[in-house]
Asks: 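Next up is a structure, given as structure tokens.
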Amino acid sequence: GVHGVRLDSGPALERGPVALVLQDVTEARRVEAVRRDFVANVGHELKTPVGALALLAEATQGAADDPETVQRFAARMTHEADRLSRLVRELIDLSRLQGAEPMPELAPVEVSAVVAEAVDRTRLAAVAKGIELAVGEQPDLVVLGVEAQLSTAVTNLLANAVAYSPEGTRIAVGTRARSGFAEIAVTDSGIGIPRADRARVFERFYRVDQSRASTTGGTGLGLAIVKHVATNHGGSVSVWSEEGLGSTFTLRVPLAPAPAEPAEAPTDPA
Ligand code: ADP
């Protein structure tokens with residue numbers, strides 16, 4: 001459960017049952033407040049594209065005798081509809097990752113396949129900005145995971161790197177093994193993240209700059225999804241960033257145990 005009496009957080013017996021109940025109530029209130037904020041945020045985020053669509057539909061009716069304007073409004077409606085469907089898709093992803101559905105069984109996944117898939121999915125956006133996606137020499141790493149989730153996570157990191165980098169820059173993807181984990185690092189030379197915002201960018205709907213985010217078309221859910229994928233795999237995600245210099249996001253996922261080597265060649269009974 002999300003909340004409950006936390007027996008691991010201190011000398012519970014010394015505090016007695018009243019303290020425990022109070023702590024439980026406080027935690028329940030906090031969870032409730034988070035839920036309320038979330039619903040309010042979702043409502044707000046849905047309102048913007050839905051409102052724009054309604055206005056555009058009305059304006060299109062008024063412009064029926066001007067085919068050029070109709071075309072222009074239709075293009076904007078497509079844009080708003082895309083935004084809306086991305087938001088809905090990401091909300092569904094997030095609710096699944098937060099336990100609305102059981103986590104699929106973990107299986108060995110090749111990290112290079114995850115990276116290749118993510119690069120494929122972001123290549124067009126990168127090309128459109130003249131950004132080079134440079135994938136470094138990759139060791140053969142196998143993690144225990146859900147391939148689709150890991151691809152989504154790396155795709156989100158790459159998509160952000162593209163979105164928050166100027167044209168003509170370079171994004172590097174590096175992988176390595178470290179202390180039982182595979183590390184996948186995405187490094188950009190983009191705008192960077194101010195120190196005060198760094199810890200919060202993984203929160204749902206948190207954006208460094210609302211106005212900037214609306215021009216890049218972000219939903220504010222991408223990094224929350226990455227964080228849940230990491231946590232569900234027993235891993236983590238972290239960020240290094242310097243304003244004006246760029247950012248590195250590092251996703252860590254436990255390596256799969258090495259497959260047991262057969263002790264000797266199978267003997268032929270014949
Ligand atoms: P969004 O859909 O707005 O990109 P995310 O959850 O993916 O939402 O990211 C949250 C915020 O973190 C972004 O709005 C942006 O301000 C900041 N951010 C994420 N990745 C980067 C990056 N590579 N460089 C600079 N800022 C970033």
Side-chain angles (χ1 to χ4, degrees), residues 34 37-38 41-42 44-49 79-80 82-98 115 118-119 121-126 128-135 149-174 183-232 236-252:
V34 167
D37 284 355
F38 180 63
N41 278 330
V42 170
H44 181 80
E45 296 295 329
L46 291 173
K47 218 171 116 181
T48 311
H79 176 80
E80 295 298 336
D82 284 348
R83 191 175 157 69
L84 194 56
S85 57
R86 187 162 54 161
L87 185 60
V88 170
R89 197 175 52 234
E90 291 191 354
L91 282 168
I92 292 171
D93 277 355
L94 195 59
S95 88
R96 285 199 182 123
L97 289 167
Q98 286 177 327
V115 169
V119 167
R121 287 203 252 167
T122 22
R123 198 185 303 276
L124 270 183
K129 286 181 84 173
I131 289 175
E132 181 200 350
L133 294 182
V135 179
Q149 289 188 11
L150 293 170
S151 298
T152 298
V154 179
T155 303
N156 287 358
L157 294 181
L158 273 174
N160 280 345
V162 171
Y164 301 107
S165 292
E167 303 203 350
T169 52
R170 184 170 180 275
I171 293 166
V173 185
E183 290 189 349
I184 306 170
V186 175
T187 300
D188 65 56
S189 317
I191 58 179
I193 302 168
R195 181 182 301 278
D197 300 290
R198 247 164 256 163
R200 300 201 59 193
V201 290
F202 298 100
E203 294 174 18
R204 299 174 299 201
F205 295 120
Y206 191 85
R207 296 170 187 134
V208 171
D209 177 347
Q210 289 289 337
S211 57
R212 188 182 72 183
S214 67
T215 60
T216 59
T219 59
L221 294 176
L223 288 178
I225 288 173
V226 176
K227 185 166 181 188
H228 276 93
V229 169
T231 315
N232 287 356
S236 63
V237 58
S238 62
V239 58
W240 173 95
S241 188
E242 206 62 67
E243 259 189 288
L245 279 183
S247 312
T248 296
F249 283 85
T250 306
L251 177 66
R252 284 180 203 80

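In this text, all values refer to a predicted model and were calculated from it rather than measured experimentally. Reckoned from all heavy atoms, side chains included, excluding hydrogens, waters and symmetry mates. All residue numbers in this chain count up from 1 along the given sequence. Just follow the structure's listing: the first ligand is 1, and inside any ligand the first atom is 1.
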Asks: Should Trp240 and Thr187 be marked as a side-chain contact (heavy atoms from CB on, under 4.5 Å) after you check the CA-CA gap, both sets of side-chain angles, and the distance that decides it?
Replies: CA-CA 9 Å; Trp240 173 95; Thr187 300; over 6 Å; no

Asks: Considering the heavy atoms of Leu221, write down every atom of ligand 1 situated less than 4.0 Å from one of them.
Replies: 6 (O), 8 (O)

Asks: Decide whether an N or O pair under 3.5 Å exists between Gly220 and ligand 1.
Replies: yes

Asks: Taking Val162's backbone N and O only, do any of them form a donor-acceptor pair with Lys129's side chain (distance below 3.5 Å, no angle check)?
Replies: yes

Asks: When you look at Ile184 and Thr250, which way does the side-chain contact (heavy atoms from CB on, under 4.5 Å) test go after all the steps?
Replies: CA-CA 6 Å; Ile184 306 170; Thr250 306; over 6 Å; no

Asks: Rounded at 0.5 Å granularity, tell me how far CZ in Phe202 sits from NE2 in His228.
Replies: 12.5 Å

Asks: So among Asn156, Val237, Leu157, Val239, which one has a side-chain contact (heavy atoms from CB on, under 4.5 Å) with Leu223?
Replies: Leu157

Asks: Pairs of nitrogen or oxygen atoms closer than 3.5 Å, one from Ile191 and one from ligand 1: do any exist?
Replies: no

Asks: Decide side-chain contact (heavy atoms from CB on, under 4.5 Å) for Glu243 and Ile193; before the verdict, give the C-alpha distance in whole Å, the side-chain angles of both, and the deciding distance to 0.1 Å.
Replies: CA-CA 5 Å; Glu243 259 189 288; Ile193 302 168; over 6 Å; no

Asks: Considering only heavy atoms of Gly222, which atoms of ligand 1 have at least one such atom less than 4.0 Å away?
Replies: 5 (P), 6 (O), 7 (O)

Asks: Using a 4.0 Å heavy-atom cut-off, which part of Val208 comes near ligand 1: side chain, backbone, both, or neither?
Replies: both

Asks: Return yes or no for this condition: an N or O of Tyr206 is under 3.5 Å from an N or O of ligand 1.
Replies: no

Asks: Is ligand 1 less than 4.0 angstrom away from at least one heavy atom of Asp188?
Replies: yes

Asks: Touching ligand 1 at all, Ala163? Heavy atoms, strictly under 4.0 Å?
Replies: no

Asks: Can you tell me if Phe202 contacts ligand 1 (heavy atom of the residue under 4.0 Å from the ligand)?
Replies: no

Asks: When rounded to the nearest 0.5 angstrom, what is the spacing between CD1 in Ile131 and OG1 in Thr169?
Replies: 4.0 Å

Asks: Pairs of nitrogen or oxygen atoms closer than 3.5 Å, one from Ala224 and one from ligand 1: do any exist?
Replies: no

